[in-house]
Chemist: 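Dumping the structure here so I can ask a few things about it.
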Amino acid sequence: MPEGPELHLGSLYVNKMCAGVVFTGPVRKSEVSKSPDVPFTCEAYRITASSRGKEVKLTLTPMKSDDSKQRSKAGQADQAMDVVFRFGMSGYFRFTSEDELPKHSHLRFYSKETTCRVLSFVDTRRFGSWQANGTWQPDRGPCLMFEYESFRKNVVTHLSDRAFDRPICEVLLNQKYFNGIGNYLRAEILFRLNIPPFVPARSVLEGLESEDLCENEKPLKTEIKDEKASDRVKTVKEETGDLLRLCHTVPLEVVNQGGKGYDPKKEDYSEFKAWLQCYYVDGMKSLRDHNGRTMWFNGDPGPMAPKDLKSPKAKKRAKKTEDHDYTDKKKGAKGGSKSTPKKKVVKQETKTAKKEIEKSEEMVSPQKKKRPAARGRKTSSAEPAAGPEKRSGRVTRQSSK
DNA sequence: CGTCCACGTCTAC
DNA sequence: TAGACCTGGACGG
């Protein structure tokens, strides 16, 4: 469940399901979990949740009781405790009866009811984590959904940070500035503005204002106050807004869908799937970025696109063939290394093998096969939410200059 | 059966 | 800039 919208929906879920519910006893952890214990025990407490970017905070609040005088009753909590969660790739909350505990329920809060129910932090892959007496992770920036103004300011005032030397698609995953953006959101956001993913981030962001011009003035035309040359640059997209604004509005679209956002196993995933315009959509292109994450996009990849094709696929293939070298016609054959300036074919054939191939071919959507049930092509949408070709060329958001 | 892929961090060479 | 950390679903043979 894990980008900003899913984390927030998770906090809404907890608040809804646990409203009025009294919890009791210790917080229990699964045997297999390596995350820290949550040393909280209380006769009667409540649970509320809030979210910030890609974190959720649960607040455990002891209830007042008559015998609060004997509060020191053997380690019973009398102070509230915050537990801060990160969801990794597969975390979510579920509130169930005790005998319906989900598989991979790794942290559990038990209700004080005749038929006990349990709030579980479920996390199949266990990449998620929690921290008792936790605080928002200090290195993460403001929430781009619910601290929009400070989010903007944080980006705009730090553009000299070397972090912005990277391609925009990679910077969008930097939680120090984009707390809440994940792999599907970066694809959707860049797609909507037609920004090539591998364009230098600073060139896309410089010139943007700390304040959102879109929000204050609808007419927006009243920006006459400052027409010094850079007119062109600051022409905000009337309809959509600039990149930073979309980092705010696009995640909110997912939140406003209700449901649970990205969760292929759920039935109501179809609505989310239909919402996606780019990520994993048939006909879109994809490339591994410099961190090995798949970037989905349409059109031009941009100047900083990885040249070297060091995909995991290539590695595996290398292993397999590393003994029978001459069988390696593989697929590199087609590319035709026309202008390879360096004939120096390094030993690591895997990495250099196809450094100069035509961009176009290797990056067309990799899997032609059927996709996982949950990810099928856009089903019966009469209007496939703006086809690729439909947009290409238009709205050319000249990134840099 | 095996390989590849997945919504994200982390820390170690 | 690799890997490590994990489980499980979809495919391919």
Side-chain angles (χ1 to χ4, degrees), chain A residues 1-10 30-35 51 53-56 84-93 102-106 121-131 136-141 165-167 169-170 172-176 178-189 250-251 254-255 257 259-266 269 272-273 275-276 278-281 286-296 306-321 348 350-351 365-377:
Chain A
M1 271 189 96
E3 296 186 25
E6 289 76 22
L7 279 278
H8 182 66
L9 288 166
S30 75
E31 280 301 314
V32 66
S33 173
K34 292 173 187 166
S35 289
S51 77
K54 245 182 264 185
E55 297 183 302
V56 167
V84 173
F85 292 80
R86 265 151 270 132
F87 281 12
M89 295 285 263
S90 56
Y92 61 94
F93 286 109
K103 200 177 176 187
H104 306 293
S105 162
H106 294 303
F121 176 65
V122 188
D123 184 8
T124 305
R125 297 182 66 182
R126 273 181 274 147
F127 291 174
S129 60
W130 61 78
Q131 181 188 16
W136 301 128
Q137 216 170 233
D139 289 342
R140 307 185 75 104
D165 293 353
R166 326 231 66 216
C169 70
E170 294 172 14
L172 285 177
L173 293 186
N174 184 341
Q175 302 298 299
K176 184 173 176 186
F178 297 92
N179 187 7
I181 299 290
N183 208 23
Y184 79 71
L185 283 171
R186 69 170 178 171
E188 294 300 311
I189 290 165
V250 172
V254 178
V255 169
Q257 267 176 204
K260 19 181 72 75
Y262 189 160
D263 184 1
K265 298 189 175 176
K266 264 333 215 181
Y269 177 63
F272 176 79
K273 196 179 62 178
W275 173 85
L276 292 173
C278 179
Y279 181 78
Y280 242 111
V281 168
S286 67
L287 274 181
R288 294 311 187 91
D289 68 16
H290 295 287
N291 301 307
R293 302 268 260 150
T294 303
M295 179 64 216
W296 289 86
K307 301 288 184 195
D308 67 328
L309 272 283
K310 53 174 177 201
S311 70
K313 212 179 295 177
K315 284 189 205 163
K316 299 263 171 139
R317 210 178 295 124
K319 265 188 192 169
K320 278 187 175 177
T321 63
Q348 301 289 11
T350 78
K351 300 200 171 181
S365 49
Q367 51 266 100
K368 266 321 180 192
K369 53 196 171 191
K370 286 186 295 182
R371 358 175 101 0
R375 302 174 173 287
R377 51 149 51 258

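Order of the sequence lines sets the chain letters (A, B, ...), proteins ahead of strands, with each chain counted from 1.
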Chemist: Kindly state whether the pair A:F127 / B:dT9 counts as stacked, where counting means centroids closer than 5.5 Å and planes tilted less than 30° apart.
Modeler: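 It does not: the ring fails the test against the base of B:dT9.
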Chemist: Could you work out the separation of C:dC5 and B:dC13 based on their P atoms and round it to a whole Å?
Modeler: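 Pairwise P distance, C:dC5 against B:dC13, rounds to 12 Å.
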Chemist: Could you please name the option among B:dA6, B:dG8, C:dT7 that lies closest to any side-chain atom of A:H104?
Modeler: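 The answer is C:dT7.
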Chemist: Quick one: pull up CZ in A:R166 and CG in A:L172 and give me the separation to the nearest 0.5 Å.
Modeler: 12.5 Å
Chemist: Is there a side-chain polar atom (N or O) of A:R125 under 4.0 Å from OP1 or OP2 of B:dA6?
Modeler: no
Chemist: What is the ring orientation for A:Y279 with A:Y262, classed by angle as parallel under 30°, tilted 30 to 60°, or perpendicular over 60°?
Modeler: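 A:Y279 and A:Y262: perpendicular rings.
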Chemist: Rounded to the nearest Å, what distance is computed from the CH2 atom of residue A:W136 to the P atom of nucleotide B:dT9?
Modeler: 14 Å
Chemist: CG of A:D289 versus P of C:dT1: gap in Å, rounded?
Modeler: 11 Å
Chemist: Is there side-chain contact between A:E3 and A:V254, with at least one heavy-atom pair below 4.5 Å?
Modeler: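 They are not in side-chain contact.
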Chemist: Between B:dC10 and C:dG8, how far apart are the C1' atoms? Round to whole Å, please.
Modeler: 23 Å
Chemist: So, does A:Q137 get its side chain near the phosphate of B:dG8, meaning an N or O under 4.0 Å from OP1 or OP2?
Modeler: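 Result: no.
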Chemist: For A:E55, answer base if it contacts any base atom (sugar-phosphate contacts may also be present), sugar-phosphate if it contacts only those atoms, and nothing otherwise; contact means non-hydrogen atoms under 4.0 Å.
Modeler: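 No contact at all - A:E55 keeps every heavy atom at 4.0 Å or more from the nucleic acid.
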Chemist: Could you run through DNA chain B and flag its stems, i.e. three or more consecutive Watson-Crick or G-U pairs with both distances under 3.5 Å?
Modeler: B:1-6 with C:7-12, B:8-12 with C:1-5
Chemist: Considering only atom P, compute the distance from C:dG13 to B:dC5 and round it to an integer number of Å.
Modeler: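 Straight-line distance between the two P atoms is 15 Å.
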Chemist: CG of A:N291 versus C1' of B:dC10: gap in Å, rounded?
Modeler: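 Going from CG in A:N291 over to C1' in B:dC10 covers 13 Å.
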Chemist: As an exercise, state the distance from OG of A:S30 to NZ of A:K103, rounded to the nearest 0.5 Å.
Modeler: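 So the gap between those two atoms works out to 13.0 Å.
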Chemist: Roughly how many Å is it from CE in A:M89 to P in C:dA4, rounded to a whole number?
Modeler: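 So the CE-P distance, A:M89 to C:dA4, works out to 17 Å.
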Chemist: So does A:K103 get a side-chain nitrogen or oxygen closer than 4.0 Å to the phosphate oxygens (OP1/OP2) of C:dT7?
Modeler: no
Chemist: When rounded to the nearest 0.5 angstrom, what distance separates SG in A:C169 from CD1 in A:I181?
Modeler: 12.5 Å
Chemist: Scan A:R186 against the nucleic acid and name what it touches under 4.0 Å (heavy atoms): base, sugar-phosphate only, or nothing.
Modeler: nothing
Chemist: Phosphate oxygens OP1/OP2 of C:dA2: is one of them under 4.0 Å from a side-chain N or O of A:H290?
Modeler: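 No, outside the criterion.
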Chemist: What integer distance in Å separates A:Y92:OH from B:dG8:C1'?
Modeler: 17 Å
Chemist: Let me spell it out: for each of A:Y184 and A:S129, pick the nucleotide of DNA chain B with the closest heavy atom. Which residue's pick is nearer the 5' end?
Modeler: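 The residue whose closest nucleotide sits nearer the 5' end is A:Y184.
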Chemist: Ignoring the backbone of A:N183, work out which of C:dT7, B:dG8, C:dG8 is nearest its side chain.
Modeler: B:dG8
Chemist: Using 30° and 60° as the class boundaries, would you call the ring planes of A:F85 and A:W130 parallel, tilted or perpendicular?
Modeler: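 Tilted: the ring planes of A:F85 and A:W130 meet at 30° to 60°.
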Chemist: With a 4.0 Å cutoff (strictly under), does any side-chain N or O of A:R126 reach OP1 or OP2 of B:dG8?
Modeler: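 So the side-chain polar atoms of A:R126 never come under 4.0 Å of the phosphate oxygens OP1 or OP2 of B:dG8.
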Chemist: Rounded to the Å, how far apart are A:R293 CZ and B:dC10 P?
Modeler: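 Distance check: A:R293 CZ to B:dC10 P gives 13 Å.
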Chemist: At less than 4.0 Å, is any side-chain N or O atom of A:R86 found next to OP1 or OP2 of B:dC10? Yes or no.
Modeler: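 Yes, because at least one side-chain N or O of A:R86 sits under 4.0 Å from OP1 or OP2 of B:dC10.
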Chemist: Looking at A:E170, A:R186, A:R288, which one forms a side-chain contact (heavy atoms from CB on, under 4.5 Å) with A:R293?
Modeler: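 Testing each of A:E170, A:R186, A:R288 against A:R293, the sole residue satisfying side-chain contact (heavy atoms from CB on, under 4.5 Å) is A:R186.
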Chemist: Can you see if the side chain of A:S90 gets near the phosphate of C:dT7 - specifically, an N or O under 4.0 Å from OP1 or OP2?
Modeler: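 So the side-chain polar atoms of A:S90 never come under 4.0 Å of the phosphate oxygens OP1 or OP2 of C:dT7.
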Chemist: Can you measure A:Y262 atom OH to B:dA6 atom C1' for me and round it to whole angstrom units?
Modeler: 6 Å
Chemist: Below the 4.0 Å mark, does B:dT9 have OP1 or OP2 next to a side-chain nitrogen or oxygen of A:Q175?
Modeler: yes
Chemist: Let's see if you can work this out: which of B:dC5, B:dC10, B:dG8 has an atom nearest to the side-chain heavy atoms of A:K54?
Modeler: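 Nucleotide nearest to A:K54's side chain: B:dG8.
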Chemist: Do A:P5 and A:Y184 have side chains that get closer than 4.5 Å, going by heavy atoms?
Modeler: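 Answer yes - side chains close enough.
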Chemist: Nearest-Å distance, CZ (A:R140) to C1' (B:dC10)?
Modeler: 12 Å
Chemist: Report yes or no: is the ring centroid of A:F87 under 5.5 Å from the six-membered base ring centroid of B:dG8, with the two planes under 30 degrees?
Modeler: no
Chemist: How long is the span from the CG atom in A:N179 to the CD atom in A:Q137, to the nearest 0.5 Å?
Modeler: 8.5 Å
